[in-house]
Structure formats: structure tokens, C-alpha cells
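A short worksheet on the structure shown next.
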Amino acid sequence: MIGRRKPVALLVAGFIGLAGCHAEMPAETIRPVSQLPLPLQAYLSVDAYFIAQGMVRGRLSDGRLMHDQARDLVASTLYARQLTAQNMLHPTADGQRRVQLAIEMMLACVQQANSGSTAACLGPSPVSGEAGRPVAGASRPATAESAPR
């Protein structure tokens, strides 16, 4: 019985500490994220990316996805990760906007998969344009035969 009192006391102390943090802040100290310095916005985008990635991972681990949906979830996650890393290294307003849109795309794919739809959530591949013609400047994806062994 003595061993149980210590964790309970720590838990109560934690709640008391958190209650002090919940005090109201003056209105002039609260600013929208868009008014924060760009490096801080980029840092917060990393947090948002990891939260969205956790949602994607949870949806993928569920296992009830069509092949196209799983592919699109992974593709949107990789795209958002690349943009988030670039924006973290070199924060810009345009980079921040692109990261936000990429994270929103990830969440839209998760939402579509959760809705029970069996359709892919991303549009046509950026490698092929209309009628299957390659987009100008697009590189051909590597094949399994060309991969190093």
C-alpha cells in the first residue's frame, strides 16, 4: 500500500502544476501563427507534419485500404516530409504555404480513406500528363531492373 501512495502524490502534484499553467494570458500576447517569425512557423510545421504522419500510419496499419489509397497515402506523406524538411532548413513564406497545403493533402487522403471510399485520393501522376504524355521536364521513374544490387 505504501508503494501506491508515491505515484498518486506525483500525479496530484502534476495536476496542480498544470492548473497553474492554465492561467489566462493577456490578449496582446496571443498571436496567430502567421504573425510568428518564419523559423518558428517552420518548427511548428514539423510538429503538424508528425501529427498528420501519425494519422496516416494509423490508417495504413488498419489494413482495410485499396492499393491506390495506400500508395497515395504514402506518396502524400513523402511529399509533405520533403517540403517540411526543405522549409525547416530554409524557411520562406512560400515554403510555409506549400508545407501547409501538403499536410492538408495528407489529411484529405486520410479523411477519404476513413469515409469508406475506394477511390484514390491523389490526381494523376505528375510524371504523365494528359492522355499519358510525359509532362515537360518530368524524369522517368527508376525500374526494378536498373536498381543496384
Side-chain angles (χ1 to χ4, degrees), residues 7-8 10-25 27 29-149:
V8 172
L10 288 174
L11 186 63
V12 169
F15 281 129
I16 291 171
L18 287 175
C21 294
H22 191 62
E24 202 167 311
M25 294 177 59
T29 61
I30 300 173
R31 294 189 293 177
V33 173
S34 62
Q35 292 182 359
L36 296 173
L38 283 174
L40 186 55
Q41 289 182 36
Y43 178 79
L44 292 173
S45 292
V46 171
D47 287 345
Y49 165 77
F50 281 121
I51 291 169
Q53 182 191 28
M55 294 173 74
V56 168
R57 182 177 180 188
R59 189 62 183 108
L60 287 171
S61 67
D62 184 25
R64 293 179 287 150
L65 293 171
M66 302 300 287
H67 174 72
D68 291 342
Q69 288 177 324
R71 180 201 62 220
D72 288 351
L73 283 168
V74 171
S76 66
T77 301
L78 293 174
Y79 178 69
R81 178 173 51 189
Q82 178 185 8
L83 291 179
T84 303
Q86 287 174 354
N87 192 50
M88 188 67 190
L89 294 174
H90 308 287
T92 64
D94 184 53
Q96 185 64 29
R97 184 185 55 78
R98 290 176 35 195
V99 168
Q100 182 178 356
L101 291 173
I103 291 172
E104 288 175 5
M105 181 175 48
M106 286 173 64
L107 296 175
C109 284
V110 170
Q111 180 62 31
Q112 182 174 342
N114 286 343
S115 72
S117 171
T118 58
C121 67
L122 298 180
S125 169
V127 174
S128 62
E130 295 177 289
R133 289 176 291 167
V135 174
S139 62
R140 184 180 174 140
T143 60
E145 292 81 29
S146 65
R149 298 184 193 252

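Residues M106 and S76 approach most closely at CG-O, 3.5 Å, considering heavy atoms. Of all non-hydrogen atoms in Y49 and I103, the two that sit nearest each other are N-CD1, 3.7 Å. Annotation for A42 and P91: closest pair CB-CB, 4.1 Å, computed over non-hydrogen atoms. A119 and Q112 get closest at one heavy-atom pair: O-NE2, 3.1 Å.
With values rounded to the nearest 0.5 angstrom, T84 atom OG1 is found 11.0 Å from L89 atom CG. Note that CG of L122 and CD of Q69 are 11.0 Å apart. Values are rounded to the nearest 0.5 Å. Here the CG atom belonging to L73 is positioned 11.0 Å from the CE atom belonging to M105, to the nearest 0.5 angstrom. The distance from atom CE of M55 to atom SG of C109, rounded to the nearest 0.5 Å, is 12.0 Å.
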Requested in this report: Determine, step by step, whether E104 and Q100 satisfy the side-chain contact (heavy atoms from CB on, under 4.5 Å) criterion, reporting the C-alpha distance in whole Å, the side-chain angles of both residues, the deciding distance to 0.1 Å, and the verdict.
Outcome: CA-CA 6 Å; E104 288 175 5; Q100 182 178 356; 3.4 Å; yes
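Side chains of Q96 and S45 form a contact here, defined as non-hydrogen atoms less than 4.5 Å apart. In this structure the side chain of V74 reaches within 4.5 angstrom of the side chain of L60, judged on heavy atoms. Side-chain contact between N87 and Q41 is absent, with no heavy-atom pair separated by less than 4.5 Å. In this structure, the side chains of V56 and R59 stay at 4.5 Å or more apart for every pair of heavy atoms.
Applying the side-chain hydrogen bond (donor to acceptor under 3.5 Å, both in side chains) test to D72 and every residue at least two apart in sequence or in another chain returns nothing.
Remark: R71 CZ is packed, more than 12 non-hydrogen atoms of other residues, nucleotides or ligands lying under 6.0 Å away.
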